[in-house]
Amino acid sequence: MTDIDKLTGLFEALGADDAPGWADSEAEEDIPQLARYRFLRMVWQDIDVWSSAAPDWVEAYRKDGPASGAVERALRLGLTPGELGEIAREVARETAFGFLLGLADPADGELAPETEAQLPGWCLAELSPGGEPTGRVLGALHEDLDEVEPQGPTGGVS
């Protein structure tokens, strides 16, 4: 088995729609695509739970918490848990995108350029399966967030 076959198999195990394309990109461009895909897959799992588990969190939020009044009013107005889940999922997606964009470019334009130039930044870096840094950075993750979005049902509107 070649390295590209192994990479393709790992992408397939993670559920990548275009496993060969992701694997080729990693092999040919030396981009940590497997680490990127795995991270973005985890982000989507957290986003999708707002839709797929909507009946559970709607019931919990309805009973207690800072949003209980809003959830109760929405249900009284005829929104279903599925519809609330779709709204929550989109808010979670937008929040994840904003976080990933800020990770790539923390400058938000609110500070003077000379102040911004003195501030630290951050990065998300790849580790080997043994936990050692590989020296490869997972940059611009926001650019691939929608590429990794699951295409199947998420619990959806009901």
Inter-residue atom distance E149.CD - D48.CG, 0.5 Å rounding: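 These two atoms lie 7.5 Å from each other.
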
Atom pair CG/CZ of L138 and R38 - distance to nearest 0.5 Å: 11.5 Å

Contacts under 3.5 angstrom, residues 102-120 side chains, donor-acceptor by atom type, not counting sequence neighbours:
residue, atom, partner, partner atom, Å
D105, OD1, A107, N, 3.4
D108, OD1, E110, N, 3.0
Q118, NE2, E114, O, 3.0

Is it the case that one hydrophobic cluster holds both [X] and [Y], taking links as side-chain heavy atoms less than 4.5 Å apart, direct or via other members?
X	Y	answer
F11	I4	no
I31	W22	no
V148	M42	yes

Connected-component partners of L77 among ILVMFWY, side-chain separation under 4.5 Å: none

Residue list, side chain to side chain contact (heavy atoms under 4.5 Å, CB included) with V43, at least two apart or on another chain: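 Scan of V43 (side chain to side chain contact (heavy atoms under 4.5 Å, CB included), adjacent residues dropped) gives F39, I47, A96, L145.
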
L100 vs L40, side-chain contact (heavy atoms from CB on, under 4.5 Å): CA-CA, chis, key distance, verdict: CA-CA 10 Å; L100 295 173; L40 291 171; 3.7 Å; yes

Least distance between heavy atoms, L7 atom then A23 atom: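 Between these two residues, the closest heavy atoms are CB-CB, 3.7 Å.
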
Heavy-atom closest contact (P81 atom, P55 atom, distance):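 Taking P81 first and P55 second, the nearest heavy atoms are CB-CA, 4.0 Å.
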
[X] side chain to [Y] backbone, donor-acceptor under 3.5 Å:
X	Y	result
S25	G21	no
R41	L14	yes
R36	G139	yes

Residue list, side-chain hydrogen bond (donor to acceptor under 3.5 Å, both in side chains) with E143, at least two apart or on another chain: none

Salt bridge (charged side-chain N to carboxylate O under 4.0 Å, His left out) partners of residues 129-140, not counting sequence neighbours, each pair once: E26-R136, D30-R136, E126-R136

Qualifying residues under salt bridge (charged side-chain N to carboxylate O under 4.0 Å, His left out), relative to E90, sequence neighbours excluded: R93

Between side-chain atoms of residues 64-73 and protein atoms elsewhere (two or more places apart, or another chain), which donor-acceptor pairs fall under 3.5 Å?
residue, atom, partner, partner atom, Å
S68, OG, G65, O, 3.0
E72, OE1, R62, NE, 2.6
E72, OE2, R62, NH2, 3.4
R73, NH1, G69, O, 3.2

Side chains of P32 and T134 in contact at under 4.5 Å (non-hydrogen atoms):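 A side-chain contact is absent here, since even the closest heavy-atom pair is not under 4.5 Å.
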
Selection residues 7-17 - residue pairs positive for side chain to side chain donor-acceptor pair (under 3.5 Å), sequence neighbours left out: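 Side chain to side chain donor-acceptor pair (under 3.5 Å) check on residues 7-17 returns no pairs.
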
Contacts of type ring pair (Phe, Tyr, Trp, His ring centres under 6.0 Å), residue W50, not counting sequence neighbours: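 Partners of W50 by the ring pair (Phe, Tyr, Trp, His ring centres under 6.0 Å) criterion, ordered by chain and then number, come out as W57.
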
Test side-chain contact (heavy atoms from CB on, under 4.5 Å) applied to V137 and L124, step by step: CA-CA 6 Å; V137 173; L124 183 63; 6.0 Å; no

Listed once per pair and sorted, the ring pair (Phe, Tyr, Trp, His ring centres under 6.0 Å) pairs that draw on residues 75-120, sequence neighbours left out: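 For residues 75-120: F97-H142.
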
